Amino acid sequence: MYTNDVLTKDLVAASSKPLLLSILADGESYGYEIIQKVRELSGGQIEWSDGMLYPVLHRLERDGLIDSEWKEADSGRQRKYYFISSDGRKALKTERQQWLAVHNALGKLWKIKPVSI
Amino acid sequence: MAGRSQRAGEIMENQTRFDLNAAIEKWRQELAAQPNLADDERRELVMHLGDAIADFRQRGLNDEESFWLARRRVGHPQELAREFVKANPVELYRERVFWLAFGLLIYRLWDVLATSLLSPLSMRFNPPREHFGYLFPDWVSFYLPSWLRDLNLAPIFIYLHPSINLLLVLATLICVGRGQLEKLRPIEAFLFYSRVRFVLIAMLSLIVVSVVSYLILNSLAVEMLRGRFLVFYLYGAFGDSWIIAVIAWLMPSQNRSASLLA
């Protein structure tokens with residue numbers, strides 16, 4: 001049932017928040033660029049369907065973790081850029097601690113070197 | 001000869017060539033037909049499709065291949081709309097109630113205006129002058145056949161007023177059905193630029209419509225209406241100001257804080 005190349009749906013959903021916040025913590029970006037980056041970072045293992053990204057982005061925006069602004073792109077067309085808010089940075093810190101806690105617990109079982117939180 | 005056959009080849013190629021712009025436009029319209037998507041979200045998705053197409057083309061795919069791959073990647077408009085609703089059902093209802101209230105306001109303005117504009121006409125049909133012949137001077141109606149002269153027009157007027165209001169509803173439905181509402185986008189952007197601007201314009205429209213209605217109805221030779229003062233009409237109009245309050249309350253959040261100037 002489990003294939004080893006693509007992440008399960010639940011894991012994709014759970015990891016979307018820390019991934020998006022971390023990408024935006026590196027600098028503002030727009031939907032298409034974010035998708036490309038996730039694909040690149042995970043070597044294709046995290047396969048987000050493009051259209052589903054926006055509801056997640058908009059939810060983060062509603063929660064005040066990111067902000068957005070329509071800006072003119074190089075092509076002269078308007079593009080919606082997202083950037084992280086100060087609340088978003090705080091949330092990212094918490095996310096980081098939690099994910100690393102899970103990582104370390106699993107790492108102990110699997111005899112992988114722990115990562116400092 | 002060679003030139004001609006080359007040209008024929010060009011024509012053939014043009015005829016079978018995939019029209020990328022038309023395909024994008026069709027996709028955009030499909031997306032526009034989804035009532036669950038906010039405007040902003042639609043624009044964003046169209047932009048995303050454009051980016052994906054550009055990307056595939058850069059990798060050497062032709063227009064048609066790029067379009068179909070990009071379309072598959074972004075997702076079917078209906079599925080997209082479903083996902084967006086799942087993510088934020090409250091927002092969907094906010095937008096629906098917002099447009100409902102806005103429709104109600106336009107309907108009220110139209111109703112007051114249409115009533116007063118039709119009143120002079122209705123005066124002509126007031127009993128006992130409700131027959132077709134009375135529309136014309138006597139020397140004309142004298143020559144009309146009696147069935148036409150005595151044709152009773154009162155029922156027409158009775159249905160005229162409701163049907164004029166229905167016209168507005170019909171026109172709106174046709175516009176929505178044909179996707180023509182996009183053309184009103186600049187007006188929308190102007191009107192809802194900020195809360196203050198919207199409230200000012202809406203109140204001003206109410207006042208203007210009341211004054212017009214006062215001027216028309218007061219000029220009619222109707223004893224019952226003549227005694228009314230302008231204040232009476234203004235008072236009636238301000239009864240509708242609660243709709244303006246509801247609309248201002250439900251306005252998209254990014255417009256609420258925008259300043260009047262800028």
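Each chain gets a letter, A, B and so on, in the order the sequences are listed, and its residues count up from 1. Here the structure is a predicted model, which is why all the values come from computation and not from measurement.
- Residue with the most contacts toward chain A among B:Leu45, B:Asp51, B:Val74: B:Asp51 (heavy-atom pairs, distance under 4.5 Å).
- In this structure, the side chain of B:Arg57 does not engage the main chain of B:Phe67 through any donor-acceptor pair within 3.5 Å.
- If you measure heavy-atom distances from A:Glu33 to chain B, you find no contacts under 4.5 Å at all.
- Between B:Trp110 and B:Tyr107, the gap from one ring centroid to the other reaches at least 6.0 Å.
- Chain B forms more heavy-atom pairs under 4.5 Å with one residue of A:Arg59, A:Arg39, A:Gln78 than with any other, namely A:Arg39.
- Ranked by heavy-atom pairs under 4.5 Å with chain B, the first of A:Ser68, A:Gly31, A:Pro55 is A:Pro55.
- Taking the six-membered ring wherever Trp is involved, the centroid distance between the rings of B:His48 and A:Tyr30 does not fall below 6.0 Å.
- If you measure heavy-atom distances from B:Ala54 to chain A, you find no contacts under 4.5 Å at all.
- A salt bridge does not link A:Lys80 to A:Glu69: none of the charged side-chain nitrogens sits closer than 4.0 Å to a carboxylate oxygen.
- A salt bridge links B:Arg28 with B:Glu25: the distance from a Lys NZ or Arg NE/NH1/NH2 to an Asp or Glu carboxylate oxygen falls below 4.0 Å.
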